[in-house]
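As structure tokens, the structure follows; a few thoughts come after it.
Letters A, B, ... are given to chains in the order of the sequence lines, protein chains preceding strands, and every chain is numbered from 1.
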2 protein chains.
Amino acid sequence: MMEKITRDFFLGFIRIHILHHAEKEPIFGQRFSEELGRHGYHISYGTLYPIFHRLEKEGYLVSEKINVGGKIRKYYKITRKGKRMLTEAKQQIRELVDEVLEDSKELK
Amino acid sequence: MMEKITRDFFLGFIRIHILHHAEKEPIFGQRFSEELGRHGYHISYGTLYPIFHRLEKEGYLVSEKINVGGKIRKYYKITRKGKRMLTEAKQQIRELVDEVLEDSKELK
DNA sequence: ATAAGCGATATCGGTATACGATATTGCTTT
DNA sequence: AAAGCAATATCGTATACCGATATCGCTTAT
């Protein structure tokens with residue numbers, strides 16, 4: 001089980017994580033969750049779906065329902081507004097993180 | 001005002017941030033808050049103090065009340081357990097962050 | 001044609017966390 | 001002894017996370 005502190009970090013980072021992936025290719029909830037799982041992370045659908053809804057409502061993502069093999073997936077892709085925000089957020093996060101993680105670089 | 005998404009990140013990162021500083025020198029709430037403020041960040045005392053309490057309760061920090069000019073400050077320093085956790089958390093966070101922020105490096 | 005199956009999304013009730021505002025602590029000075 | 005002050009602590013409300021459960025929409029079997 002993950003340390004709570006690392007988990008808090010993970011959760012605070014999840015929206016950025018989502019936008020980052022949605023910038024590369026359209027994503028949908030279940031697959032995104034699975035991929036996190038493959039990397040040892042887990043997020044409840046009760047958390048994940050409302051986050052998608054909110055990101056769409058705020059204009060950072062836009063969704064499209066697609067029938068794949070008879071099942072409906074809701075694919076999300078990033079909007080122009082989302083890209084702008086993501087770029088800016090990444091810069092701010094990098095500044096925040098660089099100072100604190102500086103001395104852990106050699107431990108990689 | 002900060003973007004909500006960046007704020008979520010900041011909040012998820014705050015415990016790491018605190019431990020990081022407490023590793024360098026003993027810290028107390030009000031000064032820590034002021035220093036964040038100087039860097040453009042803000043955290044409510046209603047959020048900050050309970051975080052300190054929890055980190056101490058979990059054994060990552062230990063506090064000592066010190067009278068400075070007639071005022072009581074509660075200085076926190078990191079414990080051995082806290083150091084171990086911090087080192088581990090930093091590595092995990094670096095892995096998480098590196099993939100996502102990779103392509104923002106040249107924008108620094 | 002209908003109901004069972006299934007991938008996927010949506011939502012619910014309980015619990016925890018963040019916030020601004022207010023109260024409290026503990027010492028010093030008047 | 002009470003007023004002043006830096007600093008810490010806590011309160012009530014709002015929001016977020018969670019596991020569990022419900023719902024959706026299509027396909028296949030009866």
Side-chain angles (χ1 to χ4, degrees), chain A residues 1-18 21-22 25-38 41-58 60-77, chain B residues 1-18 21-22 25-38 41-58 60-77:
Chain A
M1 184 47 188
M2 193 190 298
E3 282 277 6
K4 187 190 174 306
I5 288 187
T6 307
R7 171 121 198 115
D8 286 343
F9 177 86
F10 169 71
L11 281 175
F13 195 52
I14 193 74
R15 286 167 185 77
I16 303 295
H17 206 157
I18 288 170
H21 280 288
E25 62 185 343
I27 59 175
F28 66 100
Q30 193 150 127
R31 170 96 68 247
F32 182 76
S33 172
E34 283 170 17
E35 283 177 12
L36 285 182
R38 242 173 275 130
Y41 296 104
H42 178 259
I43 188 165
S44 164
Y45 288 116
T47 303
L48 185 58
Y49 285 119
I51 288 174
F52 274 120
H53 299 166
R54 197 154 196 284
L55 289 174
E56 178 164 33
K57 193 175 161 200
E58 290 169 342
Y60 302 128
L61 292 179
V62 61
S63 70
E64 186 184 2
K65 289 184 180 176
I66 298 187
N67 181 328
V68 179
K71 303 300 167 342
I72 305 296
R73 294 177 182 171
K74 202 166 165 186
Y75 277 95
Y76 289 89
K77 59 184 181 188
Chain B
M1 183 49 186
M2 194 190 298
E3 281 276 6
K4 186 192 178 302
I5 288 187
T6 307
R7 171 116 199 121
D8 286 343
F9 178 87
F10 170 71
L11 282 175
F13 194 53
I14 192 75
R15 287 166 185 78
I16 303 293
H17 206 157
I18 288 171
H21 279 288
E25 61 185 345
I27 60 176
F28 67 99
Q30 193 149 126
R31 172 95 68 247
F32 182 77
S33 172
E34 282 169 17
E35 283 177 13
L36 284 183
R38 242 174 275 129
Y41 295 105
H42 177 259
I43 188 164
S44 164
Y45 288 116
T47 304
L48 185 59
Y49 285 119
I51 289 175
F52 274 120
H53 300 166
R54 196 154 195 286
L55 288 174
E56 178 163 34
K57 192 175 162 201
E58 291 169 340
Y60 302 128
L61 292 178
V62 60
S63 70
E64 187 184 1
K65 290 183 178 177
I66 296 187
N67 181 328
V68 179
K71 302 299 167 340
I72 304 297
R73 294 177 183 173
K74 202 167 168 185
Y75 277 95
Y76 289 89
K77 60 184 179 189

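- Nucleic acid contact for B:Phe28: sugar-phosphate only, since backbone atoms but no base atoms lie under 4.0 Å from a heavy atom of the residue.
- Rounded to an integer number of Å, the gap from A:Lys74 NZ to D:dC26 C1' is 17 Å.
- Atom CD1 of B:Ile72 and atom C1' of D:dT8 are 10 Å apart (whole Å).
- Here the C1' atom of nucleotide D:dC18 and the CG atom of A:Leu48 are 12 Å apart, to the nearest Å.
- Proximity of the aromatic rings of B:Tyr76 and B:Phe28 is defined here by a centroid distance below 6.0 angstrom, and this criterion is not met.
- Here D:dT27 presents its C1' atom at 10 Å from CG of A:Asn67, a figure rounded to the nearest Å.
- In this structure, A:Gly29 reaches the sugar-phosphate backbone alone: every heavy-atom distance under 4.0 Å involves primed, P, OP1 or OP2 atoms, never a base.
- Regarding contacts with the backbone of D:dA9, every side-chain N or O of B:Tyr49 stays at 4.0 angstrom or more from both OP1 and OP2.
- Residues B:Ile14 and B:Phe9 form no side-chain contact, since every pair of their non-hydrogen atoms from C-beta on lies 4.5 Å or further apart.
- Spacing between atom CZ of B:Arg73 and atom P of D:dA6 amounts to 11 Å, rounded to whole angstrom units.
- Taking atom CD of B:Glu35 as the reference point, atom P of D:dA7 lies 13 Å away to the nearest angstrom.
- Between A:Arg31 and B:Arg54, it is A:Arg31 whose nearest contact on DNA chain C lies nearer the 5' terminus.
- Along DNA chain C, read 5' to 3', the first and last nucleotides having any atom under 4.0 Å from a heavy atom of chain A are C:dC6 to C:dT17.
- With the nearest nucleotide of DNA chain D identified for both B:Lys4 and B:Tyr76, B:Tyr76 has the one nearer the 5' end.
- Toward the 5′ end of DNA chain C lies the nearest nucleotide of B:Ile43, the other residue of the pair B:Ile43 and B:Lys71 mapping further downstream.
- Residue A:Arg7 places at least one side-chain N or O under 4.0 Å from the OP1 or OP2 atom of D:dC18.
- A distance of 9.0 Å separates NE2 of B:His42 from CG of B:Leu36, quoted to the nearest 0.5 Å.
- Closest approach of B:Ile43 and B:Ser33 over heavy atoms only: O-OG, 4.2 Å.
- Each of A:Gly46 and A:Gly69 has a nearest nucleotide on DNA chain D; the 5'-most of these lies closest to A:Gly46.
- In this structure, A:Phe10 places its CZ atom 13 Å from C1' of D:dC18, rounding to the nearest Å.
- In this entry the distance linking CD of B:Glu34 with C1' of D:dT8 reads 14 Å, nearest Å.
- Checked options A:Lys74, A:Glu56, A:His53; the residue passing with A:Ser63 is A:Glu56 (criterion: side-chain hydrogen bond (donor to acceptor under 3.5 Å, both in side chains)).
- In summary, B:Glu3 and B:Arg7 do not engage in a salt bridge, as defined by a charged side-chain N under 4.0 Å from a carboxylate O.
- Scanning both residues, B:Gln30 and B:Tyr45, for their nearest heavy atoms gives CG-OH, 3.5 Å.
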